[in-house]
There are 2 protein chains.
Amino acid sequence: MVKPSGKTKRDAKTGILDAADEIFVRRGIDGARMQEIADHAGVNKALLHYYFRSKADLARAVWLRIASSFVPGIFQMMASDLPLDDKIDRFVEAYHAKLMRHPYLLAYVVNEAARHPEIVGDFLSAERRRAARRMIRKLRAQIADRTKAKRVAPLSAEQFLVTLAASCLFPFAARPMIASLLGLGPKAVDAFMEQRRKDLPAFLKRAIR
Amino acid sequence: MVKPSGKTKRDAKTGILDAADEIFVRRGIDGARMQEIADHAGVNKALLHYYFRSKADLARAVWLRIASSFVPGIFQMMASDLPLDDKIDRFVEAYHAKLMRHPYLLAYVVNEAARHPEIVGDFLSAERRRAARRMIRKLRAQIADRTKAKRVAPLSAEQFLVTLAASCLFPFAARPMIASLLGLGPKAVDAFMEQRRKDLPAFLKRAIR
DNA sequence: AGACGGTTTAACCATCTGGTTAGAAAGTAG
DNA sequence: CTACTTTCTAACCAGATGGTTAAACCGTCT
């Protein structure tokens, strides 16, 4: 049996994945053209179909890569023994850093998840589902400690997590609308986001104080 | 001069707009097919081009209609003299009701706004910009009153508004992901959203208490 | 009735798009 | 070097898609 060089192969395949990543995220799956991906990767279009049978296949591969970089690391941190306040700080920080560098990413994720809900499940292996449950359980315990100590109305860990994610992520998804409604230029919006990164943790902690 | 029947004309045109609305929102602009819109409206495809020169034109008309139903009413309420707490209640309530009925709407808005930022500006007339500024000014005063009275760290009205919008809207955009991560079926997610509608106002008020 | 103008349609067209194929390069084993 | 496999490409194809056109339709005015 002949062993392929391995290096060349991986280079071409990951090169295609990188190009597809960029184009799919920028244009959306429907808006992306296989030819543009091929050009961007510096490869013949037929090669895309050689490594990935169809456009849908390629899109799925890209989706899995992106989802893997988006969720597991941060969710593991959220399941750890860190104090709740530190978790909030790190959550805000992590997504702020990631989304500042990939402005189209969230619109892509939201859009494709809404129109092809099945791919969301594709990404969630049994192990990842368990990890999510662990995280929720841990958060629930930490929040219960807090609300009990301070005599505050009880708060569902799920709801808090969603609010945390919403507060961090949504502004990036809604960036153009925020800019228009507040009358801010690109630099001013960046400043607004930076301000937000600093203020948001305190705001959220106050709500569960 | 011949006067067109008026009724028929308006029916056909708005019929097309209604159909286009549904299809564009469901599939996204790139994913929508002119033929599907025509079929859905019960009209020949050429008629779409008779009333709206191109697909882009039709998409723009739909966008403007949706944006008009999405923003101005609620923002006017936010600029009114209502107490801040009531505004929070109404804001949560209004978007909850709207988005429960139009599950794809937010993904559509986020996606198209991200990929065609210019259309966001198209919608914001000078008058609407003024209205937005009025709303911010009013909110700023109301929040200042609160934070001063309760000796809390000052809070930007803009940041609060974004957090409010994020907490209400994002869960609908992220619905499939929430469902998968929390392991909820469609009915359980509805219940989760309903719970959220009830809990969220208190959570937000606590943060600016 | 008949002419006229806006409305609607069937048929058509040029182009684009995802996907295929046959074969050329290029790497590998013997 | 030769035989063989994998990688890569140019050319091609069928179907879809946005858009056009010429003519039919239909109410209204004279």
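Protein chains get the first letters and strands the later ones, always in sequence-line order, with residue 1 at the start of each. Here the structure is a predicted model, which means the values were calculated and not measured.
For residues 38-50 of chain B, proximity to DNA chain C is found at B:V43, B:N44, B:A46, B:L47, B:Y50, defined as any non-hydrogen atom under 4.0 angstrom from a strand atom. Of the residues in residues 57-64 of chain A, none lies under 4.0 Å from DNA chain D by heavy-atom distance.
The CZ-C1' distance, from B:R33 to C:dT17, rounds to 10 Å in whole Å. Across the protein-nucleic acid pair, B:I29 atom CD1 and D:dT17 atom P stand 17 Å apart, rounded to whole Å. To the nearest angstrom, C1' of C:dT17 lies 12 Å from CD1 of A:I37. In this entry the distance linking CE of B:M34 with C1' of D:dT20 reads 13 Å, nearest Å. Following rounding to the nearest Å, B:Q35 (CD) and C:dA11 (C1') show an atom-to-atom distance of 13 Å. Rounding to whole angstrom units, NZ of residue B:K13 and C1' of C:dG6 are separated by 13 Å. Atom CG in A:D11 sits roughly 16 Å away from atom P in C:dA26 (whole-Å rounding).
Taking all atoms of both residues into account, the shortest heavy-atom contact from A:I119 to A:E112 is CD1-O, 4.0 Å. The heavy-atom pair separating B:F52 from B:A61 by the smallest distance is CE2-CB, 3.9 Å.
Among residues at least two apart or in separate chains, ring-ring contact (aromatic ring centres under 6.0 Å, His included) pairs with a member in residues 96-125 of chain A are A:H96-A:F172. Identified under the ring-ring contact (aromatic ring centres under 6.0 Å, His included) test for residues 57-92 of chain A, with sequence neighbours left out: A:F70-A:Y95, A:F91-A:Y95.
With respect to A:D85 and A:R146, a salt bridge is recorded, a charged nitrogen being found less than 4.0 Å from a carboxylate O.
Taking the side-chain contact (heavy atoms from CB on, under 4.5 Å) definition, one finds that B:R134 meets it with B:E127, B:R130, B:A131, B:R137, sequence neighbours left out. In this structure, the side-chain contact (heavy atoms from CB on, under 4.5 Å) partners of B:A179, at least two apart in sequence or on a different chain, are B:V189.
A donor-acceptor pair under 3.5 Å is absent between the side-chain atoms of B:K205 and the main chain of B:L200, judged by distance alone.
Distance from the side chain of A:K55 is smallest to C:dG19 among D:dG19, D:dT7, C:dG19. Looking at the side chain of A:Y51, the nearest of the listed nucleotides C:dG18, D:dT7, D:dG18 is D:dT7.
A:A32 comes within contact range of the sugar-phosphate backbone alone, with a heavy-atom separation under 4.0 Å but no base atom that close.
In this structure, A:R26 and B:R115 have side chains that are not in contact, with every pair of non-hydrogen atoms separated by 4.5 Å or more.
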